[in-house]
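The residues of the chain are indexed from 1 along the displayed sequence. Both ligands and their constituent atoms are indexed starting at 1 by order of listing.
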Amino acid sequence: MDFSSTQGNFRAPTMAGLVLPVEEVSKEIPVNGDDPPPEFFVKESAFGSVDSSPPMIPIPVIDLSLLSSDTELEKLRSALTSWGCFQAIGHGISSSFLDKVREVGKEFFSLPMEEKQKCLRAACDGEGFGSDVVVSKQQVLDWCNRLFLMVFPEDKRRVNLWPENPNDFGETLIEYTKKIRAVMDVVFKAAARSLKLEENVFLKHFGENTVMQARFNFYPPCPRSDKVLGLKPHSDKSGITVLLQDQEVEGLQLFKDNVWSRVPTIPHALIVNLGDQMEIMTNGIMKSPLHRVTTNTEKMRVSVAMLIEPDAEEEIGPVDGLVDEETPKLYKTVKNYGHFNYVCFQKGLVAIDAVKM
Ligand SMILES: O=C(O)CCC(=O)C(=O)O
Ligand SMILES: [Fe+2]
């Protein structure tokens, strides 16, 4: 089973204990107003119960256009080492273009099922349109339909899964991906400088064969938002994720200091989340934060996550300058991504077992 096209860079998971996907078909989640089926109900979990209205937390706001100043760079270092995320302003992408990106996503999700079905993912394959990839009979399902597409490298695009409707979907996504790539490059370089490292030390792992993926998340209204999550607690396994939140409807929560807090929506800011690959490259100095998404009883919510993964051939480990004799060269961490626990180590990620949250 090759997971490389389903969950980013999972390698062929041959380790004992892996639970292989059990689904036969993928389908859209029910949105008829009835109570969700029991598979969606969150059980007792190590990360606490569903609570859609804990206090809001003021996550750091960084102006990317000011990162040549030592003050802003120090703010960035502090954000990435203690939070692993921030709200980016001064990113240079126009508000009208960000609205357009959200709009093409909303237009796609509001199409009739026959139309969306043209982009339907295959069973056990994450790429395309559909709901959770089901890997375990005990899996709690997310209240979320998504459209997950690889945008770069260009020759890996599966254009048969790209919506033709709205007809400017493809060009909008490609343009957006290029703009987000530029934002990511600024963050990679500034993150290195903030640790007094050579500025390309992270960036050089994200070269020509870098994978860039887009995940359009669509959370329909959910009658049981007290018991059902839009997205289970997870950290992103990317290098960096840049998230465009819904402009009006909140839902994202961050686990910090052992409590869940609501992340505010700042119009036209982008949330930058470090992924596990950056946690590994920084030897754990910078964090890949745990986050989740709650649902809303009345309103639907859309978000667009852009993820970057290192070149497939790259070995990922702590970068030079962040290892010393006392620090093991290989920073290894066990993380969970939605349905799997997985080990992150040099050659990428290996799924070790399915998560039963
Ligand atoms: O919808 C959101 O705000 C978060 C999405 C997310 O965490 C993801 O796609 O990995
Ligand atoms: Fe995420």
Side-chain angles (χ1 to χ4, degrees), residues 6-10 29 47 50 52 56-57 59 83-88 98 101-102 105-106 109 126-127 129-133 142-151 173 176-177 180 184 211-222 225 228-256 260-279 287-296 299-309 335-340 342 344 349 355 357:
T6 68
Q7 298 283 350
N9 63 354
F10 277 123
I29 63 169
F47 300 117
V50 179
S52 47
M56 196 166 264
I57 198 165
I59 74 167
W83 297 72
C85 62
F86 61 89
Q87 304 255 17
L98 294 179
V101 173
R102 274 188 284 247
K106 283 186 187 166
F109 286 114
E127 194 162 356
F129 166 71
S131 51
D132 268 350
V133 176
D142 293 333
W143 193 259
C144 177
N145 292 314
R146 19 190 114 90
L147 175 65
F148 186 53
L149 299 170
M150 185 174 303
V151 188
L173 178 56
Y176 183 55
T177 309
I180 291 297
M184 288 170 168
V211 170
M212 286 202 68
Q213 295 152 323
R215 184 163 49 228
F216 289 78
N217 299 303
F218 177 72
Y219 309 93
C222 178
S225 57
V228 172
L229 281 173
L231 220 51
K232 284 186 280 294
H234 66 282
S235 60
D236 294 344
K237 64 191 182 317
S238 54
I240 289 178
T241 303
V242 175
L243 183 73
L244 178 62
Q245 289 208 80
D246 194 292
Q247 224 176 333
E248 283 137 30
V249 186
E250 279 173 26
L252 180 62
Q253 295 191 350
L254 187 70
F255 195 65
K256 187 168 188 302
W260 287 107
S261 304
R262 278 152 56 226
V263 172
T265 300
I266 302 184
H268 305 119
L270 294 166
I271 303 238
V272 174
N273 252 346
L274 288 194
D276 300 335
Q277 306 295 329
M278 273 295 274
E279 183 171 319
K287 305 285 181 269
S288 158
L290 192 68
H291 52 287
R292 70 179 186 185
V293 178
T294 52
T295 52
N296 188 295
K299 296 180 188 150
M300 63 141 193
R301 177 171 181 271
V302 172
S303 70
V304 186
M306 298 298 305
L307 301 93
I308 189 165
E309 309 243 333
K335 289 276 185 167
N336 106 19
Y337 179 74
H339 326 307
F340 286 109
Y342 62 88
C344 304
L349 312 176
V355 175
M357 298 197 289

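- No hydrogens or angles considered: a donor-acceptor pair under 3.5 Å links the side chains of S303 and N217.
- Partner of T241 under the side chain to side chain contact (heavy atoms under 4.5 Å, CB included) criterion, chosen from N273, I180, V272, I271: N273.
- At a 4.0 Å heavy-atom cut-off, ligand 1 touches L243 through the side chain alone.
- Only the side chain of D236 comes within contact range of ligand 1, with a heavy atom under 4.0 Å; no backbone atom does.
- In L231, the part holding a heavy atom less than 4.0 Å from any atom of ligand 1 is the side chain.
- Near A305, with a cut-off below 4.0 Å to any heavy atom, the atoms of ligand 1 are 9 (O).
- Side-chain contact check for M300 versus F218: some heavy-atom pair is nearer than 4.5 Å.
- Each of the following atoms of ligand 1 lies closer than 4.0 Å to a heavy atom of H291: 7 (O).
- For ligand 1, the atoms sitting less than 4.0 Å from at least one non-hydrogen atom of L252 are 3 (O), 4 (C), numbered in the order shown with element in parentheses.
- A donor-acceptor pair under 3.5 Å links the side-chain atoms of T295 to the main chain of V228, judged by distance alone.
- If you number the atoms of ligand 1 from 1 as listed, the ones under 4.0 Å from a heavy atom of R301 come out as 1 (O), 2 (C), 3 (O).
- Expressed to the nearest 10°, the angle at the Fe ion (ligand 2) joining NE2 in H234 with NE2 in H291 is 90°.
- Taking 4.0 Å as the cut-off between side-chain N and carboxylate O, D142 and R292 do not count as a salt-bridged pair.
- Judged by the shortest distance from any of its heavy atoms, H234 lies inside the 4.0 Å radius around the atoms of ligand 1.
- For ligand 1, the polar-atom distance check against S303 finds a nitrogen or oxygen pair separated by under 3.5 Å.
- Between W260 and F255, the two ring planes are tilted [angle within 30° to 60°].
- Using a cutoff of 4.0 Å between basic side-chain nitrogens and carboxylate oxygens, D246 and K299 are not scored as salt-bridged.
- A side-chain donor-acceptor contact under 3.5 Å links S235 and D276.
- Between the Fe ion (ligand 2) and the N, O or S atoms of D236, the shortest distance is to OD1.
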